**Student:** 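Please read through the structure below; I'll follow up with questions.
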Amino acid sequence: MLELRSHLAGRWQSGDGRAATLYNPTTEAAIATCSTAGLDLGAALAFARAHGGPALRELTFAQRGALLQAMREAIHADREGLIELAVQNGGNTRGDAKFDIDGALATLGYYADLGKAMGDRKFVVDGAAENIVRGGRVQGHHVRLPRRGVAVHINAFNFPAWGLAEKAATSLLAGVPVLSKPATSTALVAHRMVELLVEKNVLPAGVFSLLTGSVGDLLDHLGPQDVVAFTGSADTGARIRGHQRVLAAGVPVGVEADSLNSTVLAADAEDSTYDALIRHIHTEMTQKAGQKCTATRRILVPRDRVADVIADVSERLRGVVVGDPGREDVHMGPVSTADQRRSAEEGIAALMASGAKPVFGAPGRGEPLGVEAGKGYFVSPLLLLAEDAHGAGAVHDLEVFGPVSTVLPYDGSVADAAALVARGQGSLVCSIYGDDRPWLENALQEIGPYHGRVSVVDAKIADKAFAPGMVLPGLNHGGPGRAGGGSELGGVRGLEFYTQRVVAQGNGPLLARFLGIAAEG
Ligand code: NAP
């Protein structure tokens, strides 16, 4: 069986303890093992700080951008192989696998271009000089300098390629080396990506390390210049935030966690706007078998349109073929692990106990196509209706990470929609579909503060709008409250987390010369 290794301190290393096993979620066959036991993670971080950091910091943004472009090309060279691994280890259809892998490539490409555009500078200048004393000689220059530590990236199981690349792109462009830890259960894709980078010798030593398997004692070795960017469940996020060493060293922790994303049909929507809503609900429920942090979990519909929405979403879901994701005639595969299936089943039971009733599909695995009887971690698409939207507590509190969404009737007012949306306690994204402009303006103001991103779709853009689950490198990704309070991507904004804001205060023109920026005032 394939043994996955870690790439630390500039070389491939194997753990020596009990190995974790990775499975094919369609057949339940074991496909690989990995272990991190016995690895010297303190030495791995020290190596990255000593070699990776200086190697990156001596490069300009344009040169770091060129490294990202080289990463993109090295990974793209085995795009087909990566898609195959995602089908095997993630239960992805080819379409799902491309969504992850092409998302990774596009994000690397975006940040490569951004680096090129940022040119010969090595750090970010944070606004114009502040005059402290009249006359302009005594000034403060705000800059953002790359932190001198390592960016530890801990990723979730659902996007092994994109998760690795989106965090790496911002960190490396900022000038900070990376130690990336994919979720163990689906690490095959991330492992292969790093193999490609190592085989092609794309990055200087220490710039990118990979920890394949359990996190071990990694956090015990963090220092005050390191950062942790985490994506996963709220529970694990809280554990990392509260880790003794993280607290003692003041290590910044970025958390991207659970999210009860909502979509809202406004009281007044033209046909093309309404059609976009139905199309997007279908995508969000079935893409990656609903295992997207940005997937729509709650569908708010004015009471008099509920029957239409249920009928139209159901018609689309009826066409979804669930089964072996390697087959071209299959649209949705299994969820990625046995644990995820168990957690989805328990979650569906909790939603139903809270008053939600199936209006399309039934809880269970269905009859997946091309799969041995009883095998595979399948969860059938399920649309629920909670007649008492305010009373269905679990629908607002529990993220069921699968092809499941709940219709919530509301009275058509912005106030009622906003009150229901806010019950999610902070989400990554809300999408609003409507054509009454004052209504939309009011909704944006009322709903916005509970989200990192609000997608507003009207008839003018209905045929071009992306489904809300699509995360774009130029736009902020993250959300307040239970979504973790994190912020990633957003173009140059994504570099903030990896840099220290410093103000150089004193003789303005002299300091401007030291910093290589134009003097002002
Ligand atoms: P998870 O169980 O919290 O695991 C996430 C990562 O944390 C894995 O790499 C895991 O490693 C690691 N980990 C586990 N225990 C740890 C500890 N004590 N210290 C440090 N790291 C630890 O979450 P998951 O099941 O992979 O992901 C599902 C969740 O992620 C969903 O709730 C989803 O909403 C969320 N998610 C959020 C976003 C976003 O951008 N907001 C994106 C994708 C997913 P092992 O695999 O080795 O245990």
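Side chains are part of it too, since the values below use all heavy atoms of this structure and drop only hydrogens, waters and symmetry mates. Counting convention: from 1, in listed order, for ligands and their atoms alike. Computed from a predicted model, the values in this text were never measured in an experiment.
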**Student:** Any atoms of ligand 1 less than 4.0 Å from a non-hydrogen atom of Gly232? List them with their elements.
**Tutor:**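 Ligand 1 atoms under the 4.0 Å threshold to Gly232: 3 (O), 5 (C), 23 (O), 27 (O), 29 (C), 30 (O), 35 (C).
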**Student:** Below 4.0 angstrom from a heavy atom of Asp258, which ligand 1 atoms are there? Numbered from 1 as shown, please.
**Tutor:**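 Those of ligand 1 that fall under 4.0 Å from Asp258 are 32 (O), 34 (O).
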**Student:** Val194 and side chain to side chain contact (heavy atoms under 4.5 Å, CB included): which single residue from Ile75, Leu164, Leu4 fits?
**Tutor:**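 Testing Val194 for a side chain to side chain contact (heavy atoms under 4.5 Å, CB included) against Ile75, Leu164, Leu4 leaves exactly one candidate, Leu164.
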**Student:** By number and element, which atoms of ligand 1 are closer than 4.0 Å to a non-hydrogen atom of Ala183?
**Tutor:**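 Atoms satisfying the 4.0 Å criterion: 8 (C), 9 (O), 46 (O).
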**Student:** Is there a side chain to side chain donor-acceptor pair (under 3.5 Å) between Lys167 and Thr231? Walk through the geometry before answering.
**Tutor:** CA-CA 10 Å; Lys167 285 186 169 64; Thr231 297; 2.5 Å; yes
**Student:** Report the part of Ala483 in contact with ligand 1, treating N, CA, C, O as backbone and CB onward as side chain, heavy atoms under 4.0 Å; options are side chain, backbone, both, neither.
**Tutor:**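 Neither; nothing of Ala483 gets under 4.0 Å from ligand 1.
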**Student:** Give the residue, atom name and distance (to 0.1 Å) of the protein heavy atom nearest atom 34 (O) of ligand 1.
**Tutor:**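 Checking every protein heavy atom, the shortest distance to atom 34 (O) of ligand 1 gives Glu399 OE2, 2.7 Å.
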**Student:** Can you tell which part of Asn155 has a heavy atom less than 4.0 Å from ligand 1: side chain, backbone, both or neither?
**Tutor:**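 Looking at Asn155 and ligand 1, just backbone atoms fall under 4.0 Å.
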**Student:** Applying a heavy-atom cut-off of 4.0 Å, say which part of Lys292 lies close to ligand 1: side chain, backbone, both or neither.
**Tutor:**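 Neither part.
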**Student:** For ligand 1, note which part of Phe401 has a heavy atom under 4.0 Å away: side chain, backbone, both or neither.
**Tutor:**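 Side chain only; the backbone of Phe401 stays clear of ligand 1.
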**Student:** Tell me the nearest of Thr337, Thr236, Ile154 to atom 17 (C) of ligand 1, using heavy-atom distances.
**Tutor:**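 Minimum heavy-atom distance to atom 17 (C) of ligand 1 goes to Thr236.
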**Student:** Going through the checks in order, is the side chain to side chain donor-acceptor pair (under 3.5 Å) test met by Thr21 and Thr33?
**Tutor:** CA-CA 4 Å; Thr21 306; Thr33 61; over 6 Å; no
**Student:** Using protein heavy atoms only, decide if any is under 4.0 Å from atom 3 (O) of ligand 1.
**Tutor:**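 Protein heavy atom within 4.0 Å of atom 3 (O) of ligand 1: present.
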**Student:** As a check for students: among Ser233, Ser427, Gly452, identify the option with a heavy atom nearest to atom 1 (P) of ligand 1.
**Tutor:**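 Looking at heavy atoms only, the winner is Ser233.
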**Student:** With Glu284 as reference, evaluate Arg279, Lys292, Arg297, Arg298 under the salt bridge (charged side-chain N to carboxylate O under 4.0 Å, His left out) test and give the passing residue.
**Tutor:**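 The salt bridge (charged side-chain N to carboxylate O under 4.0 Å, His left out) with Glu284 is passed solely by Lys292 among Arg279, Lys292, Arg297, Arg298.
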**Student:** Identify the closest protein heavy atom to atom 11 (O) of ligand 1: which residue and atom is it, and at what distance?
**Tutor:**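 In this structure, atom 11 (O) of ligand 1 has Lys181 NZ, 3.0 Å as its nearest protein heavy atom.
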**Student:** I need the nearest protein heavy-atom contact for atom 41 (N) of ligand 1: residue, atom name and distance, please.
**Tutor:**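 The closest heavy atom on the protein side is Glu256 CB, 3.1 Å.
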**Student:** Under 6.0 Å between ring centres, would you say that holds for His243 and Phe230?
**Tutor:**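 No, the ring of His243 stays outside the 6.0 Å limit from the ring of Phe230, centre to centre.
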**Student:** To the nearest 0.1 Å, how far is atom 38 (C) of ligand 1 from its closest protein heavy atom, and which atom is that?
**Tutor:**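 The closest one turns out to be Cys293 CB, 2.9 Å.
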**Student:** In terms of side-chain heavy atoms, does His280 have a donor or acceptor partner in Tyr433 at a distance below 3.5 Å?
**Tutor:**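 Present: a donor and an acceptor within the cut-off.
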**Student:** Verify the distance criterion only: is there a donor paired with an acceptor across the side chains of Thr263 and Thr296 at less than 3.5 Å?
**Tutor:**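 Checked: Thr263/Thr296 side chains show no N/O donor-acceptor pair below 3.5 Å.
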**Student:** Could you verify whether a donor N or O on one side chain and an acceptor N or O on the other, from Ser259 and Glu399, lie under 3.5 Å apart?
**Tutor:**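 No, Glu399 and Ser259 have no side-chain donor paired with an acceptor closer than 3.5 Å.
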**Student:** Specify the protein heavy atom at minimum distance from atom 26 (O) of ligand 1: its residue, its atom name, and the distance to 0.1 Å.
**Tutor:**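 Looking at atom 26 (O) of ligand 1, the protein heavy atom closest to it is Phe157 N, 3.2 Å.
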**Student:** So which protein heavy atom does atom 40 (O) of ligand 1 come closest to, and at what separation?
**Tutor:**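 Residue, atom and distance for the closest contact: His477 NE2, 2.7 Å.
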**Student:** Report the distance from atom CG of Leu277 to atom CD1 of Ile432, rounding to the nearest 0.5 Å.
**Tutor:**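 Between atom CG of Leu277 and atom CD1 of Ile432 there are 12.0 Å.
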**Student:** Using heavy atoms and a threshold below 4.0 Å, how should the contact between Thr294 and ligand 1 be classified: side chain, backbone, both, or neither?
**Tutor:**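 Under 4.0 Å from ligand 1, Thr294 contributes no heavy atoms.
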**Student:** Any idea which atoms of ligand 1 are less than 4.0 Å away from a heavy-atom of Ala257?
**Tutor:**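 So the answer, numbered in order with elements, is 34 (O), 37 (C), 41 (N).
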**Student:** Can you list the atoms of ligand 1 that are under 4.0 Å from a heavy atom of Thr231?
**Tutor:**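 So the answer, numbered in order with elements, is 5 (C), 36 (N), 37 (C), 38 (C), 39 (C), 40 (O), 42 (C), 43 (C), 44 (C).
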**Student:** Provide the number and element of each atom of ligand 1 under 4.0 Å from a heavy atom of Asn158.
**Tutor:**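 Every atom of ligand 1 under 4.0 Å from some heavy atom of Asn158: 43 (C), 44 (C).
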**Student:** Heavy-atom distances under 4.0 Å decide this one: backbone, side chain, both or neither, for Asp235 against ligand 1?
**Tutor:**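 None of Asp235 does.
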**Student:** Please could you name the atoms of ligand 1 that Thr184 approaches to less than 4.0 Å, counting only its heavy atoms?
**Tutor:**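 Answer for ligand 1: 45 (P), 46 (O), 47 (O).
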**Student:** Specify side chain, backbone, both or neither for Arg239, according to which of its non-hydrogen atoms lie closer than 4.0 Å to ligand 1.
**Tutor:**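 Answer for Arg239: side chain.
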**Student:** Within a strict 4.5 Å, meaning less than it, do heavy atoms of the Ser35 and Arg5 side chains meet?
**Tutor:**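 Not in contact.
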**Student:** Answer side chain, backbone, both or neither: which part of Glu488 comes under 4.0 Å from ligand 1, heavy atoms only.
**Tutor:**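 The answer is neither.
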**Student:** Between His243 and ligand 1, which residue portion shows a heavy-atom distance shorter than 4.0 Å: side chain, backbone, both, or neither?
**Tutor:**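 Looking at His243 and ligand 1, no heavy atom falls under 4.0 Å.
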**Student:** Enumerate the atoms of ligand 1 whose separation from the nearest heavy atom of Ile240 is less than 4.0 angstrom.
**Tutor:**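 Close to Ile240: 19 (N), 20 (C), 21 (N).
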**Student:** Name the residue from Val313, Leu384, Thr406, Leu385 that meets the side chain to side chain contact (heavy atoms under 4.5 Å, CB included) definition with Val359.
**Tutor:**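 Looking at Val313, Leu384, Thr406, Leu385, the match for Val359 under the side chain to side chain contact (heavy atoms under 4.5 Å, CB included) is Leu385.
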**Student:** Decide, yes or no, whether a salt bridge links Arg365 with Glu345 under the criterion of side-chain N to carboxylate O below 4.0 Å.
**Tutor:**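 Salt bridge between Arg365 and Glu345, a charged N being under 4.0 Å from a carboxylate O: no.
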**Student:** Please determine if Arg423 and Asp397 form a salt bridge, counting it only when a charged side-chain N lies under 4.0 Å from a carboxylate O.
**Tutor:**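 Looking at Arg423 and Asp397, the cut-off is not met.
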**Student:** Between Arg147 and Asp226, does at least one N-O distance fall below 4.0 Å, as a salt bridge requires?
**Tutor:**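 A salt bridge is absent here (no side-chain N lies under 4.0 Å from a carboxylate O).
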**Student:** So, taking the atom named CZ in Phe159 and the one named OG1 in Thr186, what distance separates them when rounded to the nearest 0.5 Å?
**Tutor:**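 Spacing of CZ (Phe159) from OG1 (Thr186) equals 11.0 Å.
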